[in-house]
Amino acid sequence: MIQLIVNGQPQFVPSLDSETDAGTTNDARLNIRQLLEHMGLQGKRIAVERNGEIVPRSQFDQPMLANGDKLEIVVAVGGG
Amino acid sequence: MDKLVIAGKAYSSRLLVGTGKYRDFDETRTAVDASGAEIITVAIRRTNLGQNPEEPSLLDVLPPSQYTLLPNTAGCYTVEDAVRTLRLARELLDGHTLVKLEVLGDPKTLYPNIVETLKAAEILIKEGFQVMVYTSDDPIAARQLEEIGCIAIMPLASLIGSGMGILNPWNLQIIIENAKVPVIVDAGVGTASDAAIAMELGCDGVLMNTAIAAAQNPVLMASAMKKAVEAGREAYLAGRMPKKLYSASPSSPVEGVIGNMSGK
């Protein structure tokens, strides 16, 4: 398990099985797509910020999530 | 044709509307359509982590293919929060750079913090955003925001959500006279006549949310606002007659009134 802070709330997500390609710790990291699936947000129109930096959708498949990462996941809502 | 040009795109409607405070998405969509607005504001918020994934999202109801979405920074009190919010908005809307910036200074009045607004606008413009900026009705603040490259100046008519109407038409007039970019009254409109007055003053457009959403019948008010903005614009273009205190001038012929014994 790793702990992320998602939208200000602690979120525990299972870390990846290291049997696939776990040569380095980085390879075993979760990517954003997996996190979104874990949270039931796959296919939603959202944008993601990790530790204050935008994560472009093109990078959702890159293993990057580390223990303690702070994420913001946002949607468009009604507003003036 | 008399079009409103924002960031190089021409719009037929000079009414911009917000999408907050409606009962449901159905009412939002119906009211937006009744208003005729082509530019609509949206807010950027954290996903509700417990939400039902099947629930429709605002962007399904108001697709960016049909409307020009104007993501805002409502609720932001710092430069950092405002800039981060709009970077997220740009990512969310596939590189969309037209935004509404507001940096608030006080939770009770929602009055804008101009110093922070200027700083945030400068950063955003440098990053390629096209910034429509919410501001006070201070003509100097408006001029400075224009000078640093904001593409539309959006002074308040009165406090956000107050419905108090146009409290200082004189300041608005100074801003309008000085500005070379569109001036859009944003905030404070309460009813149709307020919108018409803003347009008669020479504003290029009016942005409103609560005046429609908090009306007893939002859809009917949306339609009223559409007409008010059109009427106000036409009156402005037509050029009103001068006001003449104590100088009455009848519209009907003075001569030939029956019973006049003087023979005239």
Side-chain angles (χ1 to χ4, degrees), chain A residues 1-16 26 28-80, chain B residues 16-22 24-25 27-28 32 40-55 57-64 69-75 80 84-85 87-95 100 102 110 134 160-161 186-187 207-213:
Chain A
M1 296 284 268
I2 59 167
Q3 186 190 338
L4 306 170
I5 306 293
V6 180
N7 292 348
Q9 306 274 342
Q11 181 96 4
F12 293 91
V13 286
S15 45
L16 282 185
N26 196 47
R29 286 183 175 191
L30 278 175
N31 62 37
I32 299 284
R33 189 175 47 76
Q34 289 159 331
L35 173 68
L36 294 177
E37 277 167 18
H38 175 75
M39 296 174 58
L41 291 170
Q42 67 276 19
K44 292 268 147 194
R45 262 195 104 123
I46 49 99
V48 179
E49 183 194 74
R50 172 175 164 258
N51 299 332
E53 302 287 333
I54 296 290
V55 183
R57 240 165 282 166
S58 59
Q59 291 176 18
F60 278 12
D61 282 326
Q62 291 178 15
M64 63 167 71
L65 293 175
N67 204 37
D69 274 357
K70 289 192 178 64
L71 292 127
E72 296 286 347
I73 306 177
V74 300
V75 289
V77 301
Chain B
L16 295 73
V17 298
T19 54
K21 299 185 181 170
Y22 287 99
D24 51 36
F25 281 158
E27 190 183 70
T28 312
V32 166
I40 59 177
T41 63
V42 298
I44 304 298
R45 288 292 179 271
R46 287 170 160 173
T47 51
N48 180 356
L49 297 180
Q51 86 189 118
N52 172 6
E54 304 308 314
E55 245 167 60
S57 83
L58 182 70
L59 297 184
D60 298 328
V61 182
L62 298 166
L69 295 190
L70 191 62
N72 70 25
T73 58
E80 195 203 349
R84 282 171 68 198
T85 297
R87 285 178 186 148
L88 280 162
R90 176 162 63 180
E91 180 61 24
L92 181 69
L93 298 171
D94 304 316
K100 170 181 162 178
E102 56 183 285
L110 300 178
Y134 174 62
I160 293 175
D186 180 0
L207 197 167
M208 65 181 76
N209 190 151
T210 311
I212 296 174

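Note: hydrogens, waters and symmetry copies are ignored here, and every other heavy atom, side chains too, is used. Just so we're on the same page: letters track the sequence lines, and every chain starts at 1. Everything numeric in this text was worked out from a predicted model, so none of it was measured.
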Flag, side chain of B:K100 to backbone of A:G80, donor-acceptor distance under 3.5 Å: yes
Spacing of A:R45 atom CZ and B:L59 atom CG [to the nearest 0.5 Å]: 5.5 Å
Chain A contact via B:E80 - side chain, backbone, both or neither, heavy atoms under 4.5 Å: neither
B:R46 side chain vs A:N7 backbone, donor-acceptor pair below 3.5 Å: yes
Carboxylate-amine/guanidinium proximity below 4.0 Å for B:D94 and A:R57: yes
Side chain B:T47, main chain A:V75, donor-acceptor under 3.5 Å: no
Interface residue of largest heavy-atom contact number with chain B, from A:G8, A:G78, A:G79, A:P56, under 4.5 Å: A:G79
Residues B:R87, A:E49; criterion side chain to side chain contact (heavy atoms under 4.5 Å, CB included); working and verdict: CA-CA 9 Å; B:R87 285 178 186 148; A:E49 183 194 74; over 6 Å; no
Proximity breakdown for A:I46 and chain B, heavy-atom pairs closer than 4.5 Å: both
From B:L92 atom CG to A:K44 atom NZ, the distance as rounded to the nearest 0.5 Å: 12.5 Å
Smallest separation among heavy atoms of B:L88 and A:V48, with atom names: CD2-C, 3.8 Å
Distance in Å, B:R84 CZ paired with A:E53 CD, rounded so as to fall on 0.5 Å steps: 9.5 Å
Between B:L69, B:L58, B:L16, the one whose heavy-atom pairs under 4.5 Å with chain A are most numerous: B:L58
